[in-house]
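Please read the structure below before turning to the comments.
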Amino acid sequence: MKTLLQYNWQVRDDWFTWCEDVPEEELLKKRVGGVGSILYTLFHIVEVERSWIHFLKTQQDPGEPPFEDYASLEKVKALSNQYHTEIEPFIMSWTNEMESRTIKVTNSEGQSATFRHGEIMRHVIAHEIHHVGQLSVWARELGREPVTANLIFRGLFE
């Protein structure tokens, strides 16, 4: 679990670096598929991770800040770093016992369900990987090589 989150963080940082050579208008351009733009997708990834992990820690929804307040590469990177600092201690203290803890979640339509913490953590991991795939498609549409999704050469198992 920890390794895959660390993988996601490395890949996210690689995408931030990749974006540095892309004009801001391309980062903000509405695209087909996904959640909208390249920059909004990165914001969304960061926000969903923080939101779920904050919920696991506190059982409270922190609410999503408006994207308009973070609509630049530098601001999304700073938000990612801020949230990373907030959630990393929880991630690094993860234990096998936390896997089966349950939490009740109510969606925006008022429907409730109970989930295990391990299930939510795996959702967070898969969510980012899913959106990184969309970023890769958009990178190719821009005629650029996407960030590698290779887990092997990232030094995560040393």
Side-chain angles (χ1 to χ4, degrees), residues 1-20 33-139 146-158:
M1 183 98 60
K2 294 174 192 176
T3 301
L4 286 175
L5 283 157
Q6 290 169 323
Y7 162 81
N8 277 355
W9 296 334
Q10 284 185 6
V11 170
R12 186 186 313 161
D13 286 343
D14 289 349
W15 275 106
F16 285 141
T17 300
W18 182 94
C19 287
E20 290 172 0
V35 294
S37 70
I38 292 170
L39 193 59
Y40 183 77
T41 299
L42 288 166
F43 171 82
H44 175 70
I45 288 168
V46 167
E47 179 51 35
V48 166
E49 178 185 75
R50 188 281 310 227
S51 179
W52 275 114
I53 293 172
H54 180 85
F55 190 72
L56 289 178
K57 287 170 41 180
T58 68
Q59 297 188 11
Q60 295 178 350
D61 181 355
E64 182 175 314
F67 174 66
E68 296 75 26
D69 292 351
Y70 298 93
S72 75
L73 180 59
E74 294 75 25
K75 288 180 180 179
V76 174
K77 283 171 58 175
L79 187 67
S80 179
N81 290 335
Q82 174 191 334
Y83 286 171
H84 180 89
T85 300
E86 291 175 16
I87 66 171
E88 187 176 28
F90 179 80
I91 301 301
M92 299 321 274
S93 68
W94 188 265
T95 63
N96 288 337
E97 293 77 35
M98 295 167 78
E99 285 282 332
S100 58
R101 287 184 190 164
T102 59
I103 191 164
K104 186 176 180 180
V105 177
T106 304
N107 68 15
S108 58
E109 287 90 41
Q111 300 168 319
S112 295
T114 301
F115 299 101
R116 288 184 179 83
H117 284 219
E119 181 178 7
I120 289 173
M121 291 296 283
R122 284 168 181 81
H123 168 73
V124 167
I125 292 165
H127 176 264
E128 183 156 354
I129 292 168
H130 162 77
H131 283 297
V132 162
Q134 182 64 62
L135 292 172
S136 296
V137 169
W138 290 337
V147 168
T148 182
N150 194 331
L151 180 130
I152 301 294
F153 293 105
R154 292 187 172 272
L156 294 168
F157 290 93
E158 294 176 356

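Throughout, numbering of the chain's residues begins at 1 and tracks the sequence. Just so it is clear, the values below take in all heavy atoms, side chains as well, and ignore hydrogens, waters and symmetry mates. Computed from a prediction, not measured in an experiment: that's the story for all the values here.
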Could you tell me whether R50 and E64 have a side-chain N and a carboxylate O separated by less than 4.0 Å?
-> no
Below 4.5 Å, heavy atoms only, C-beta onward: do L4 and L156 meet side chain to side chain?
-> no
If the plane angle is over 60° it's perpendicular, under 30° parallel, otherwise tilted; pick one for W94 and F90.
-> perpendicular
Looking at residues at least two apart in the chain, or sitting in another chain, which of them share a salt bridge (charged side-chain N to carboxylate O under 4.0 Å, His left out) with D13?
-> none
Quick one: does M1's side chain get under 4.5 Å of I125's, heavy atoms only?
-> yes
Check: R101 and I120 side chains under 4.5 Å, non-hydrogen atoms | no
Heavy-atom side-chain contact between L135 and L42 under 4.5 Å | yes
Does R12 come within less than 4.0 Å of E49, counting only side-chain N to carboxylate O?
-> yes
Side-chain contact, heavy-atom cut-off 4.5 Å: I91 with Q6?
-> no
Could you check if a side-chain atom of F115 sits within less than 4.5 angstrom of a side-chain atom of H123, using non-hydrogen atoms only?
-> no
Test R122 against every option in E99, H127, H117 by the side chain to side chain donor-acceptor pair (under 3.5 Å) rule and name the one that passes.
-> E99
For E47 and P65 the tightest heavy-atom approach is OE1-CD, 3.3 Å
Please examine the side chains of V105 and W52, heavy atoms only from C-beta on, and report whether any two atoms are closer than 4.5 Å.
-> yes
Identify the two heavy atoms, one from Y7 and one from A149, that lie closest to each other, and give their separation to 0.1 Å.
-> OH-O, 2.6 Å
Quick one: closest heavy-atom pair of T41 and H131, and the distance?
-> CG2-CB, 3.8 Å
Of all the heavy-atom pairs spanning W15 and S136, show the shortest one and how long it is.
-> CZ2-OG, 3.6 Å
Stepwise side chain to side chain contact (heavy atoms under 4.5 Å, CB included) check, D61 with S51 | CA-CA 7 Å; D61 181 355; S51 179; 3.9 Å; yes
Roughly how far, to the nearest 0.5 Å, is CZ of F43 from CG of L39?
-> 9.5 Å
When you look at M121 and L56, which way does the side chain to side chain contact (heavy atoms under 4.5 Å, CB included) test go after all the steps?
-> CA-CA 9 Å; M121 291 296 283; L56 289 178; 3.7 Å; yes
Identify the heavy atoms of N150 and T148 that sit nearest to each other, and give their distance.
-> N-OG1, 3.1 Å
Is the closest side-chain heavy-atom distance between Y83 and I53 below 4.5 Å?
-> no
Spacing of CD1 belonging to I45 relative to NE2 belonging to H130, to within rounding of 0.5 Å | 9.0 Å
Residues 67-79, side-chain donor-acceptor partners within the protein, below 3.5 Å, at least two apart:
residue : atom : partner : partner atom : Å
S72     : OG   : K75     : N            : 3.2
K77     : NZ   : E20     : OE2          : 2.9

